[in-house]
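Worksheet: one structure, shown below.
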Amino acid sequence: MNVEQLAVFKIGDMVARCALLEPHIDYDDKIPLTDGHIDLYSSEKTHSNATLKGRVNVQVKGRKLKPGEKTPKKFSIPRVDLEGYLSMRGILFFAVFINPKSEVRKPFYCLLNPFKIQSLLDKMDTDQKSVGVALRPFPKDTLKIEAILALAHQTQGESPAFKIDRSTLADISALTLYTDGTVNLDAPVTLNLSETDFSVFIETKGGSVAALDGQFTITPQSYVGTTTDLLVSCGEFTFRNPTRRQIDSETTELELSPGLRIRVPMNREADGGSISITTRPILEDRFNDLGFMLECKDRGTFLINGHETKVMLHPSDSEAELREHFEYLAKLREVLVAVGANPTLIDLDDVDPRRGKQLFHLRRALLDKEELTHQVDRPGRLLQPVGEWNLELLVLKGETPGLWKYLDIFDPAIRQQFVMRTEDELQGERAFRVTPYDLVDVDRLPTILNLKLENIVDAYEEISEYPDTGWLANHFVLHLIQASDTCEQRRSEFLDAAMRLNDWLIEKESELPHHLINRCQIVCRTGSLTQEDRVKVRDLRRSVIQLPAESSQFLEISCSILLSDFEEAAHLEGRFSDKERETFAGWPIFTLWTILDEQRQ
């Protein structure tokens, strides 16, 4: 029995049945390293020089199986042969195992492409003479055989000696994956040469093409996740545009929020589904996530674009604890919403449980209008901490002796009048009407949650008949701008209120220089000045010379900052006295100078 001849004939017969392949394999084994090659053609009907796509070198080994011996899963190849195969840019290695009794021939193969050969050599010890390579059954299907040869031909472009610079990866315009057709790309897959035959080529924007070595993880877009236009709701809890991703062939996951995920069967008729929750620190987030989950638990369904979907949540030992925590969140949120505070600002990790209990106590006064005891014996303002934030409240004597009313100081419905008293050497003691906003400590302003800034203009309009109102409103515009600079979370809230109040002042008093400066510096904090704005600022800078010196120098430098003329602004600041420089440094226009200068750099 000529084992080598039988092996070569077996492979030759299988390859010869393929319309696009033509085997040239010799069993005499006189050619170094190879037993021949297989040609690949682009035409099934015509095999000619014009249709020749390329050729793949092959090595065929035959071996008789001993009685009772199982077909080996590996074949030992000498190091020197591997080194030779590498210099030939790879080889398609065949091993045919023959049963001496039945003469049944079982063909196996291993694609030894350059990257795989180099990996095998790198892992060998210095004195190691050979290494076993994993074998795969050679398929009977002609299309599968052609796919294996096409991949073997493609891998000849691999070059282990060529190292790709990391900077090249940032210049990739295309990445192409070549396989033998056995890789399932409908689900996430990790490709490595020890388990899968494949080759990856990249093309740069400059047109260069190179093979890429390494391990690759491929995730289909359906598994990565896409933003949807779905509306998911259960009871009062609604989530818009969740991310949808496939988990496996039968399950889809909807990520309603970073803390809430629902898994449902892709077959809507199937029962099942699950919800997973991760407690998030922000009050509004946790309230919505936990509320949705508990509502689903009670209803057993939720809606996707109005269509009912079943979800079965199994009983949990922590359910009672979760419901108790949800009640805590609901009460805390109810108090905050009642006074106009934004629950999305509250980080629950910062809220001391003792402060939480105080808020529940205040809930009876603010929502249920109960009169409560008070630790001091006189009316006044009360600052209630909520984590890093505060509520500004008013405490007045109640109808019942010994009890007190707790009021939201910024609630226009309480109809309280506020008076401020000042005293100086020139005017003596003065009393004048103010809004509750004028009572707030400037440094504390960014932390007050219940400001209700949508009422800011109405508050000043109510006292507009008094002569000091314009002066008060202008100062509060500045305070709001300063608050926007120190509190990024509420930046838009403060700037919007500042713009509305400043526009009201312009309507009442015309566009005076300081109103123009304030409006422009608000605009600069959210975007860029219009050409019309810049013309007005230039005109103002030219006209300030007619104003008193103290006013003109501050207006002139403010105009230079708004026009981004920082060299001129620095020159003008250099002419300030120490006191003037200290005064100017406390104004929001000085902060804007810093902001614009940083943006420029």
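The figures here come from the full heavy-atom set of this structure, side chains too, leaving out hydrogens, waters and symmetry mates. The residues of the chain are indexed from 1 along the displayed sequence.
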Quick one: closest heavy-atom pair of I557 and A569, and the distance?
CD1-O, 3.4 Å

Separation between CG (L383) and OG1 (T447), nearest 0.5 Å, reads 6.5 Å

Quick one: list whatever passes ring pair (Phe, Tyr, Trp, His ring centres under 6.0 Å) with F302, sequence neighbours left out.
none

In sequence, state the C-alpha distance, the side-chain angles, and the governing distance for Y406 and H374, and then conclude on ring-ring contact (aromatic ring centres under 6.0 Å, His included).
CA-CA 9 Å; Y406 290 76; H374 188 46; 5.7 Å; yes

Main-chain N/O of G586 paired to Q482 side chain as donor or acceptor, under 3.5 Å
yes

Counting only heavy atoms not in E507, do more than 12 fall under 6.0 Å of its CD?
no

Between the main-chain N or O of L596 and the side-chain N or O of Q599, is there a donor-acceptor pair closer than 3.5 Å?
no

Where do L451 and R490 land on the side chain to side chain contact (heavy atoms under 4.5 Å, CB included) test, with the steps shown first?
CA-CA 12 Å; L451 289 170; R490 304 177 70 183; 3.9 Å; yes

Could you check whether T217 and T190, counting side-chain N and O atoms only, form a donor-acceptor pair closer than 3.5 Å?
yes

Qualifying residue for side chain to side chain donor-acceptor pair (under 3.5 Å) with S560, from E568, H571, E573, R541:
R541

If we ignore hydrogens and angles and just use 3.5 Å, is the side chain of T204 paired with the main-chain N or O of S208 as donor and acceptor?
yes

With heavy-atom distances below 4.5 Å as the criterion, would you say the side chains of H514 and N474 are in contact?
yes

Looking at K508 and E461, is there a salt bridge between them, counting it only when a charged N and a carboxylate O are closer than 4.0 Å?
yes

Counting only heavy atoms not in R575, do more than 12 sit closer than 6.0 Å to its CZ atom?
no

Minimal heavy-atom distance between D443 and D441, with the atoms involved, is N-OD1, 2.9 Å

Between T594 and D597, is a side-chain hydrogen bond (donor to acceptor under 3.5 Å, both in side chains) present by the stated rule, with each step listed?
CA-CA 5 Å; T594 305; D597 196 34; over 6 Å; no

Step by step, work out the side-chain hydrogen bond (donor to acceptor under 3.5 Å, both in side chains) result for N455 and Y460.
CA-CA 9 Å; N455 300 322; Y460 283 98; over 6 Å; no

So CG of L453 and CG of L495: to nearest 0.5 Å the spacing works out to 11.0 Å

Qualifying residues under ring pair (Phe, Tyr, Trp, His ring centres under 6.0 Å), relative to F576, sequence neighbours excluded:
F554, F584

State whether a side-chain donor-acceptor pair under 3.5 Å links T530 with D533.
yes

Any ion pair linking R323 and E327 (charged N to carboxylate O, less than 4.0 Å)?
no

Any donor-acceptor N or O pair under 3.5 Å, side chains R355, Q358:
yes

Does some side-chain heavy atom of T435 sit less than 4.5 Å from a side-chain heavy atom of L472?
no

Do Q521 and N518 get their side chains close enough for a donor-acceptor pair, meaning under 3.5 Å?
yes

Would you check if the side chain of W389 reaches a backbone N or O of I346 as a donor-acceptor pair within less than 3.5 Å?
no

Does the pair T344 and E284 meet the rule for a side-chain hydrogen bond (donor to acceptor under 3.5 Å, both in side chains), with working shown?
CA-CA 5 Å; T344 65; E284 188 73 355; over 6 Å; no

Determine whether a donor-acceptor pair (N or O, by modelled atom type, separation under 3.5 Å) exists between the side chain of Q221 and the backbone of G225.
yes

Under 3.5 Å: donor-acceptor pair, side chain of T251, backbone of D248
no

If you take the centroid of each ring, where Trp contributes its six-membered ring, are F292 and F239 closer together than 6.0 Å?
yes

Residues R286, H325; criterion side chain to side chain contact (heavy atoms under 4.5 Å, CB included); working and verdict:
CA-CA 10 Å; R286 191 182 300 184; H325 184 60; 3.0 Å; yes

If every non-hydrogen atom of R299 is compared with every non-hydrogen atom of C234, which pair is closest and at what distance?
CD-SG, 3.6 Å

Contacts of type ring pair (Phe, Tyr, Trp, His ring centres under 6.0 Å), residue F410, not counting sequence neighbours:
Y437

Between the side chain of H361 and the main-chain N/O of K357, is any donor-acceptor distance below 3.5 Å?
no

Taking I463's backbone N and O only, do any of them form a donor-acceptor pair with T469's side chain (distance below 3.5 Å, no angle check)?
yes

Is it true that E253 and R261 make a salt bridge, defined as a side-chain N closer than 4.0 Å to a carboxylate O?
yes

Residues F494 and L445: closest non-hydrogen pair is CZ-O, 4.1 Å

Does the side chain to side chain contact (heavy atoms under 4.5 Å, CB included) test come out yes or no for T583 and R581, once each step is laid out?
CA-CA 5 Å; T583 299; R581 188 175 293 108; over 6 Å; no

How many angstroms lie between atom OG1 of T227 and atom CG of N241, to the nearest 0.5 angstrom?
7.5 Å

When rounded to the nearest 0.5 angstrom, what is the spacing between CG in D349 and CG in L283?
11.5 Å

Is there a side chain to side chain contact (heavy atoms under 4.5 Å, CB included) between L480 and L478? Walk through the geometry before answering.
CA-CA 5 Å; L480 287 168; L478 296 176; over 6 Å; no

Nearest-0.5 Å distance, OG of residue S484 to NE2 of residue H479:
13.5 Å

For L231, is there any backbone N or O sitting under 3.5 Å from a side-chain donor or acceptor partner on N305?
yes

Salt-bridge test for D503 and R500: reply yes if a basic N is under 4.0 Å from a carboxylate O, no otherwise.
no

Find out whether F201 and L212 are in side-chain contact, i.e. whether some heavy atom of one side chain is under 4.5 Å from a heavy atom of the other.
no

Taking the side chain as everything from C-beta on, heavy atoms only, tell me whether V537 gets closer than 4.5 Å to C520.
yes

For the residue pair N450 and L391, establish whether any side-chain heavy-atom pair is separated by less than 4.5 Å.
yes

So, do T243 and L254 sit near enough that their side-chain heavy atoms are less than 4.5 Å apart?
no

Side-chain donor or acceptor of T373 paired with backbone N/O of L403 under 3.5 Å
no

Charged N-O contact under 4.0 Å between E511 and R519
yes

Take the angle between the ring planes of W471 and H475 and call it parallel below 30°, perpendicular above 60°, tilted in between.
tilted

Could you check whether any side-chain heavy atom of I262 comes within less than 4.5 Å of a side-chain heavy atom of T309, counting everything from C-beta outward?
no

Please report the interatomic distance CG(L382) to CG(L394), rounded to the nearest 0.5 Å.
9.5 Å

May I ask you to test the N390-Q384 pair for a side-chain heavy-atom distance under 4.5 Å?
no

Which of L348, N288, D289 passes side chain to side chain contact (heavy atoms under 4.5 Å, CB included) with R280? It is D289

